[in-house]
Amino acid sequence: MSAARENLRTARRIVVKVGTSTLAHAATGKLNLYRIEQLIRELADLHNAGREIIFVSSGAIAAGMDKLGIKNKPETIPENQALAAIGQGVLMHIYEKFFAEYGQTMAQFLLTKENASDTHARENFHNAMSTVLNMGVIPVINENDAVTVDEIRIGDNDNLSAIVATLVDAEVLIILSDIDGLFDGNPKVDKTARLIDEVPEITSAVEKMAGGVGTKLGTGGMFTKIQAAKLATSNGVTMLIVNGSTVGNLRQVLNGESIGTIFPAKI
Ligand code: GLU
């Protein structure tokens with residue numbers, strides 16, 4: 001087991017990010033309740049085991065689309081803002097219900113780019129988060145899509161989760177995705193593409209492997225994950241990309257097992 005993976009066994013403050021493509025059924029765009037319940041139970045149990053969990057969740061827009069029976073993501077900003085406002089509540093209702101079933105309290109935080117940009121706002125956020133964590137509560141974070149416009153958007157939750165991990169001094173950021181990790185080719189078209197276990201340095205060759213594409217429901221794809229990895233690792237946070245479709249992956253990866261791709265912290 002590599003030193004970086006060994007450290008995961010004792011890491012205390014952990015940010016877990018889950019993307020829309022993990023939360024929703026690809027065929028229908030509707031929420032995957034079975035998977036969401038398993039995930040929330042896993043987070044509650046990690047918390048019971050003594051880890052501090054910060055949960056960054058996408059899916060507001062998808063939940064809004066589902067609620068209104070809209071099949072394709074609209075193109076205009078106001079429509080997406082409206083769907084986020086509708087869907088964020090739907091999502092929190094479901095999380096609240098599942099967390100409550102496992103005796104866990106959660107707290108919602110909606111961020112904009114401004115929260116991460118000036119010292120005062122950063123300090124404010126850090127204090128609020130530390131207080132919630134000290135209360136034994138799990139913060140659930142999304143970007144405040146209902147009020148952010150392009151100029152002040154972070155835009156994707158991979159980068160948002162890296163910003164959050166940096167602001168709360170997390171040791172680890174785990175990005176749960178619909179792919180097993182970073183491959184040295186595109187596994188969808190190239191059968192010989194191999195999963196990379198550890199990326200010690202984010203070189204231009206690594207960036208090339210990331211390509212550009214996302215999915216119909218998700219926003220980022222591998223490109224924003226590599227951006228997030230750069231930000232996280234250069235600020236002392238170890239990042240992982242792990243497949244969120246397999247129940248138990250989160251617990252196993254935190255036991256040091258060789259799952260997904262790890263980007264060890266630089267400092
Ligand atoms: N904040 C957006 C949402 O909740 C998702 C952004 C992303 O998928 O990265 O729908």
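Whatever order the structure lists ligands and atoms in, that order sets their numbers, starting from 1. This is a predicted model, so every value here is computed, not measured.
Heavy atoms of Ala62 come nearer than 4.0 angstrom to ligand 1 in no pair at all.
Remark: ligand 1 and Asn142 share an N or O pair separated by less than 3.5 Å (distance only, no angle test). An N or O contact shorter than 3.5 Å is missing between Gly155 and ligand 1 by distance. Ligand 1 has no nitrogen or oxygen under 3.5 angstrom from a nitrogen or oxygen of Ser57. Considering backbone and side-chain N/O of Asn157, one or more are found under 3.5 Å from N/O of ligand 1.
We find that Glu201 and Lys266 are joined by a salt bridge, their nearest charged nitrogen and carboxylate oxygen being less than 4.0 Å apart. The pair Glu101-Lys97 meets the salt-bridge criterion, with a side-chain N (NZ, NE, NH1 or NH2) lying under 4.0 Å from an Asp/Glu carboxylate O. With respect to Glu198 and Arg5, no salt bridge is recorded, no charged nitrogen being found less than 4.0 Å from a carboxylate O.
Using a 4.5 Å heavy-atom cutoff, the side chains of Glu37 and Tyr102 are in contact. With a 4.5 Å cut-off on side-chain heavy atoms, Val140 and Phe99 count as touching.
When non-hydrogen atoms are compared, ligand 1 lies under 4.0 Å from the backbone of Ile61 as well as from its side chain.
Between the side chains of Thr112 and Asn115, a donor-acceptor pair is found at a separation under 3.5 Å.
Within the listing of ligand 1, atoms 9 (O) sit less than 4.0 angstrom from a heavy atom of Asp156. Using a 4.0 Å cut-off to heavy atoms of Ser58, the atoms of ligand 1 that qualify are 4 (O), 5 (C), 7 (C), 8 (O), 9 (O).
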